[in-house]
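The structure appears right after this line, and notes come after that.
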Amino acid sequence: MHKYSSKLILVLSILSLFMLMVRIKVTTSFYGLFMVWNLFLAIIPLLIIRITTTFQKSTFIQMVFWLQTNSIFYRINDDKSRFRESELYFPTPKSSTTSTYTKRAIVVGFLMVWLLFLPNAPYMVTDMIHISNSQDMWLHYDIVNYGLFGWCGLVIFCNGLFEVNALIKREWDCHPLLFPVITITLIVLCSLGIYLGRELRFNSWDLLTSPYELFIDIIDTISSLTHNIALLSQLVAYMVLLSISLIMYSNYAK
C-alpha cells in the first residue's frame, strides 16, 4: 500500500462518518445510517488484501511450511537474545515444491474472497442515488457526504488493484504485459458486480446462499448486452469511472 493511502482512507472514513452522525443528530432521523454498513463492506476487501500481503511476505509462515517436513537450523544473537531474519538458515528442502504450492493455494484462496467483496468498495459511488430523497436544506450537505463515502470506496478499490498486481508480481513473477490484462479484467468484473448489487440487489454472500439465482441473472445480464443499450451504457459508465479513478490514483501513488 502506498504510504499515504491508508491515511487517506482513514481520513475519508472518519470525515464521512462524522458528517453522517452530525446529520442524524440534528435531524433526529436515522436515514443514511445504512452507509455505515456499506462502508464496513467496502473495508472488508482492504483488510483481506492486507492480510494476504502480510501472509505472502511473512517469514514466519515460510518457517511453518519448512517445519512441516524439514528441520531448521538457526543461530541466536547473543547480544540481543532474539532471532534475526538474516540469521535464519534453511536446509535444502525435501518438499519445497509442495510447500510452495500450498502457500500459493492459500494466497489464491484469499484473492478469491477479496474479489468477491471488492465491488462493495466502488459500489458506494452509486449511493449518490439516495440524494433524491434529501430535503432541500440538506441537499448540498448530502452531496458532499455521499461524495466522501464514494471517494473512500474508489480509493480502496484502486489501492486493492495495485496491491494485487504487486502481490502477483512477487509470487509468480509474471510477464509485465499480464498486469494490464488483470487490471482490465478486474475493472470489468467490478462493474458487473456494481450492477448486480445496485440494480438486481445481490450481495457478495449470495454466491454461497443463492448461487443458482445469481448465476442465472449473470447469464441473463451478459446475454442482454447486445440489445439492451441502457444496461450496456450503465456498465460502460462504471468501467470509465473505475478506469479514470485508477489513472488518477496511479499518478498520486508515484
Side-chain angles (χ1 to χ4, degrees), residues 1-54 113-164 187 190-191 193-209 234 237-238 240-242 244-246 248-249 251-253:
M1 179 185 286
H2 186 263
K3 62 181 179 179
Y4 295 119
S5 295
S6 57
K7 295 180 181 179
L8 179 59
I9 293 172
L10 180 62
V11 169
L12 290 174
S13 299
I14 293 175
L15 185 57
S16 55
L17 289 173
F18 176 76
M19 290 187 66
L20 179 60
M21 294 302 108
V22 170
R23 191 189 194 285
I24 291 175
K25 177 66 176 178
V26 174
T27 63
T28 65
S29 171
F30 289 98
Y31 183 78
L33 197 60
F34 57 86
M35 291 303 299
V36 178
W37 173 249
N38 288 351
L39 179 61
F40 170 75
L41 292 177
I43 290 177
I44 289 179
L46 174 66
L47 297 177
I48 293 175
I49 197 60
R50 295 301 296 168
I51 292 172
T52 307
T53 301
T54 302
V113 177
W114 168 80
L115 179 58
L116 184 63
F117 282 92
L118 182 61
N120 290 312
Y123 172 87
M124 286 201 297
V125 174
T126 66
D127 284 318
M128 295 286 287
I129 192 174
H130 297 292
I131 293 175
S132 60
N133 299 321
S134 299
Q135 300 174 351
D136 290 342
M137 63 179 298
W138 287 99
L139 179 61
H140 296 102
Y141 187 94
D142 288 344
I143 290 175
V144 175
N145 196 189
Y146 285 114
L148 288 173
F149 277 111
W151 185 9
C152 183
L154 289 175
V155 174
I156 293 174
F157 166 80
C158 295
N159 173 77
L161 263 62
F162 270 74
E163 289 271 354
V164 165
I187 289 175
C190 274
S191 299
I194 295 172
Y195 172 80
L196 293 174
R198 172 54 61 193
E199 301 298 335
L200 304 185
R201 309 309 298 165
F202 279 107
N203 296 301
S204 298
W205 50 87
D206 285 325
L207 182 62
L208 301 177
T209 59
Q234 190 171 351
Y238 292 150
V240 170
L241 173 64
L242 297 182
I244 293 176
S245 300
L246 196 59
M248 294 176 65
Y249 181 88
N251 292 329
Y252 160 80

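Predicted, not measured: the structure shown is a model, and the values here were computed from it.
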Looking only at heavy atoms, the pair that brings Pro45 and Trp114 closest together is O-CD1, 3.1 Å
Rounded to the nearest 0.5 angstrom, the CZ-CG distance for Phe40 and Leu47 is 8.0 Å
So CD of Glu163 and CD1 of Ile48: to nearest 0.5 Å the spacing works out to 13.0 Å
> Quick one: does Ser245's side chain get under 4.5 Å of Phe157's, heavy atoms only?
Replying inline: no
Interatomic distance, SG@Cys158 vs CD1@Ile187, rounded to 0.5 Å, equals 8.0 Å
message = Using modelled atom types and a 3.5 Å cut-off, is there a donor and acceptor pairing between side-chain atoms of Ser29 and backbone atoms of Ile24?
response = no
Problem - Backbone of Ser16 reached by a side-chain donor or acceptor of Asn145 within 3.5 Å - result: yes
### Message
For a 4.5 angstrom cut-off between non-hydrogen side-chain atoms, does Met137 reach Thr27?
### Response
no
**Prompt:** Any side-chain heavy atom of Met21 sitting closer than 4.5 Å to one from Leu33?
**Reply:** yes
In short, Gly32 meets Tyr146 closest at the heavy-atom pair CA-OH, 4.2 Å
So CG of Leu148 and CD1 of Ile143: to nearest 0.5 Å the spacing works out to 12.0 Å
| said: So for atom CH2, which belongs to Trp151, do other residues, nucleotides or ligands contribute more than 12 heavy atoms lying within a distance under 6.0 Å? | reply: no
Looking only at heavy atoms, the pair that brings Met35 and Leu20 closest together is CB-CD2, 4.2 Å
In this structure, CG of Asn38 is separated from CD1 of Ile43 (nearest 0.5 Å) by 11.5 Å
query = Between Leu242 and Leu154, is a side chain to side chain contact (heavy atoms under 4.5 Å, CB included) present by the stated rule, with each step listed?
reply = CA-CA 7 Å; Leu242 297 182; Leu154 289 175; 3.9 Å; yes
Check whether more than 12 heavy atoms from other residues, nucleotides or ligands sit under 6.0 Å from atom CG of Leu208, and answer yes or no. yes
**Asked** Heavy atoms, side chains only, cut-off 4.5 Å: are Phe149 and Leu17 in contact?
**Response** yes
Report task. State yes or no: are the ring centers of Tyr249 and Phe162 separated by less than 6.0 Å? Result -> yes
Run the side chain to side chain contact (heavy atoms under 4.5 Å, CB included) check on Leu161 and Leu118 step by step: do they pass? CA-CA 10 Å; Leu161 263 62; Leu118 182 61; 3.9 Å; yes
Is a donor on one side and an acceptor on the other found under 3.5 Å between the side chain of Arg201 and the backbone of Gly197?
yes
To the nearest 0.5 Å, atom CG of Asn203 lies from atom CG of Leu116 at 10.5 Å
**Prompt:** Given side chains that start at C-beta, do those of Asp127 and Arg198 come closer than 4.5 Å, heavy atoms only?
**Reply:** yes
Q | Check: Arg50 main-chain N/O paired with Thr53 side-chain donor or acceptor under 3.5 Å | A | no
Nearest heavy-atom contact between Ile156 and Ala42 is CG2-O, 3.5 Å
**OP:** Would you please indicate yes or no on a ring centroid separation below 6.0 angstrom for Trp37 and Phe34?
**Re:** no
Handout entry: Aromatic ring pairing His130/Tyr31, orientation class (parallel under 30°, perpendicular over 60°, tilted between)
Key = perpendicular
Correct closest heavy-atom pair for Cys152 and Leu39 would be SG-CD1, 4.0 Å
**Donor-acceptor under 3.5 Å (Tyr141 side chain, Met19 main chain)** = yes
### Message
Taking Phe117's backbone N and O only, do any of them form a donor-acceptor pair with Asn120's side chain (distance below 3.5 Å, no angle check)?
### Response
yes
Q. Is any side-chain heavy atom of Ile194 less than 4.5 Å from a side-chain heavy atom of Pro122?
A. yes
Can you tell if the side chain of Tyr238 reaches within under 4.5 Å of the side chain of Thr126, non-hydrogen atoms only?
-> yes
Subject >> Short side-chain to backbone donor-acceptor contact, Asp142 and Leu139, under 3.5 Å >> reply: no
